[in-house]
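These notes are about the structure you will find just below.
Below, chains carry the letters A, B, ... as their sequence lines are ordered, and counting in each starts from 1. The structure presented is a predicted model; accordingly, all values stated were derived computationally and were not measured.
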There are 2 protein chains.
Amino acid sequence: MARPAQPILSAEIITVAALRAVDATGDFTMPGIAKELGVRPSSLYTHVSGRAEIVELMRMRLLSGIPVADESQGWSKRVASMAWEYRRTAAKHWRLIPLLAAHTARTGAVFGIDNALAQAFSDGGLAPAEVLHAISTLDSLVIGSVLDLATPDVVWTEAPNANEAMAAALATSGPNPGRADAAFEFGLRTLITGWLAQALTGVLDSAAISVPGNAAV
Amino acid sequence: MARPAQPILSAEIITVAALRAVDATGDFTMPGIAKELGVRPSSLYTHVSGRAEIVELMRMRLLSGIPVADESQGWSKRVASMAWEYRRTAAKHWRLIPLLAAHTARTGAVFGIDNALAQAFSDGGLAPAEVLHAISTLDSLVIGSVLDLATPDVVWTEAPNANEAMAAALATSGPNPGRADAAFEFGLRTLITGWLAQALTGVLDSAAISVPGNAAV
DNA sequence: ACCTGAACACCGTTCAAGT
DNA sequence: ACCTGAACACCGTTCAAGT
């Protein structure tokens, strides 16, 4: 049975098996997913160039699965709801995130979430260059927050040599996932407040510039 | 020469060798650093419990090396300068960051940078619970930004299926490290603006609460 | 206490061979 | 085109043995 009548494998089947292994154990191996699929390790290479491509396929699967906010709402509401959707999706596969961080992305794909965020920030009055930066910032917050989700509680509860301010802060800290959730909520609020203030400043600036020359505000 | 008169190895020597390997190649192996140190791989285990501990030692070495701002400046200035120092230190060893992200921290150590940030945010009027969240947020931005530094330019320049807003944003994007630097600067400014606004809101809130009862503002 | 040498179980990847 | 089987170079870790 060297060549089955119907192919057993496909890139997608391999990706799903790898993702299931990552969700369960935090990592995956070629022999591991081969055994899971009832196949020999070398067979995987017919459908996939190697381990790195499997990681990349998992990244694309994750990012393309994030729900996008409909455009009827205001831009900051859209950003907030998509940030939460992004985080919810990433948190569902939180053990995958360190793996994605370890491998550098080699795909030039722009996903639905990227486009929708660009539209929202653009609607918010950010300049094109700022739009990219804002997306990067939001990305950092989500990824960082989900990496934080993987950090054992012990890191934050044991605190030798903490100063007074740090000790007081640590005293308020509960276990995960509540801690990381709360930090994300606070961080997202900070960002949106900051973006709103910057967008407002932009409006004021252009108003100040245009006022002397003509009456259009 | 099974037991040298003077020990050849130490945890620190091993850590430095590993860090040098990571800086040069993006990863390290036990045989690799053993050869670098003129020793057999099994010898490393006399000073270190294994690969995971070496990663942890590198993490501690990185974090404890971040310069701390002196307290004479205002809190937001301190936060900004430490954020930049944090990023500068992390960027100097940018290939280490994915490795740190892949391994979950198991150390409960609070570093100088943590204490100084806690002090600064506390001075800024954030509540103790918010202090921890603010530190987490800043951490996410720095880590995310340095991970971004490792992303090849091709990811952002090739853009099939980008919408108008995204295409305009991508058109402004130059190569790394400038791109990631600019994104970090923008993100940091957004955060500080947001924190200032939130701190201000806190002041206003407590003012509103205290005014009816007595005259102290 | 510190390093060696041999050994173990494992990994990712290649490639000729079968259908 | 798709899977197998054998092979390769490599890895992290253990442990008895030497000084």
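- Taking side-chain N and O atoms only, R40(B) has a distance below 4.0 Å to OP1 or OP2 of dG5(C).
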Quiz item: What is the per-nucleotide protein-contact pattern of nucleotides 7-12 of chain C, from the 5' end, where B denotes a base atom under 4.0 Å from a protein heavy atom, S denotes such proximity for sugar-phosphate atoms only, and - denotes neither?
Solution: ----SS

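- For the strand DNA chain C, secondary-structure stems (runs of at least three Watson-Crick or G-U pairs, all distances below 3.5 Å) span C:4-8 with D:12-16, C:12-16 with D:4-8.
- A 4.5 Å side-chain heavy-atom check between I33(B) and I54(B) finds at least one atom pair inside the cut-off.
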Self-check item: side chain to side chain contact (heavy atoms under 4.5 Å, CB included) between L141(B) and L141(A), worked out
Solution: CA-CA 6 Å; L141(B) 179 67; L141(A) 179 67; over 6 Å; no

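- Of the residues in residues 10-20 of chain A, none has a non-hydrogen atom less than 4.0 angstrom from any atom of DNA chain C.
- Rounded to whole angstrom, the span from the CG atom of L9(A) across to the C1' atom of dT4(D) amounts to 12 Å.
- Side-chain contact of Q119(A) with D123(A): a donor-acceptor pair under 3.5 Å is present, judged by distance alone.
- When the side-chain nitrogen and oxygen atoms of R3(B) are compared with OP1 and OP2 of dA1(C), none of them lie within a distance under 4.0 Å.
- The CD1-P distance, from I8(A) to dA1(D), rounds to 17 Å in whole Å.
- A tilted orientation is assigned to the rings of F186(A) and H133(B), their planes being inclined by 30° to 60°.
- The shortest side-chain heavy-atom distance between L62(B) and L100(B) falls under the 4.5 Å cut-off.
- Between E53(A) atom CD and dT13(C) atom P the separation is 11 Å, expressed in whole Å.
- The minimum heavy-atom distance between L170(B) and A162(B), with the atom names listed, is CD1-CB, 4.5 Å.
- For the OP1/OP2 pair of dT4(D) and a distance below 4.0 Å, the side-chain nitrogens and oxygens of S43(A) include at least one atom meeting the criterion.
- Using cut-offs of 30° and 60° for the angle between ring planes, the W195(B) and F121(B) rings count as perpendicular.
- Using a 4.0 Å cut-off, no side-chain N or O of H47(B) falls inside it from OP1 or OP2 of dA1(C).
- Considering only the side chain of S42(A), dG5(D) comes nearest among dT4(C), dC3(D), dG5(D).
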Self-check item: Test log, rule salt bridge (Lys or Arg N to Asp or Glu O under 4.0 Å), inputs R87(B) and D181(B)
Solution: CA-CA 10 Å; R87(B) 186 176 189 275; D181(B) 286 352; 2.9 Å; yes

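- Heavy-atom contacts from other residues, nucleotides or ligands closer than 6.0 Å to CD of E12(A) number 12 or fewer.
- Geometric assessment of R20(B) against the ring of F28(B) yields a negative cation-pi assignment under the 6.0 Å and 45° thresholds.
- A salt bridge links R51(B) with D27(B): the closest approach of a Lys/Arg side-chain nitrogen to an acidic carboxylate oxygen falls below 4.0 angstrom.
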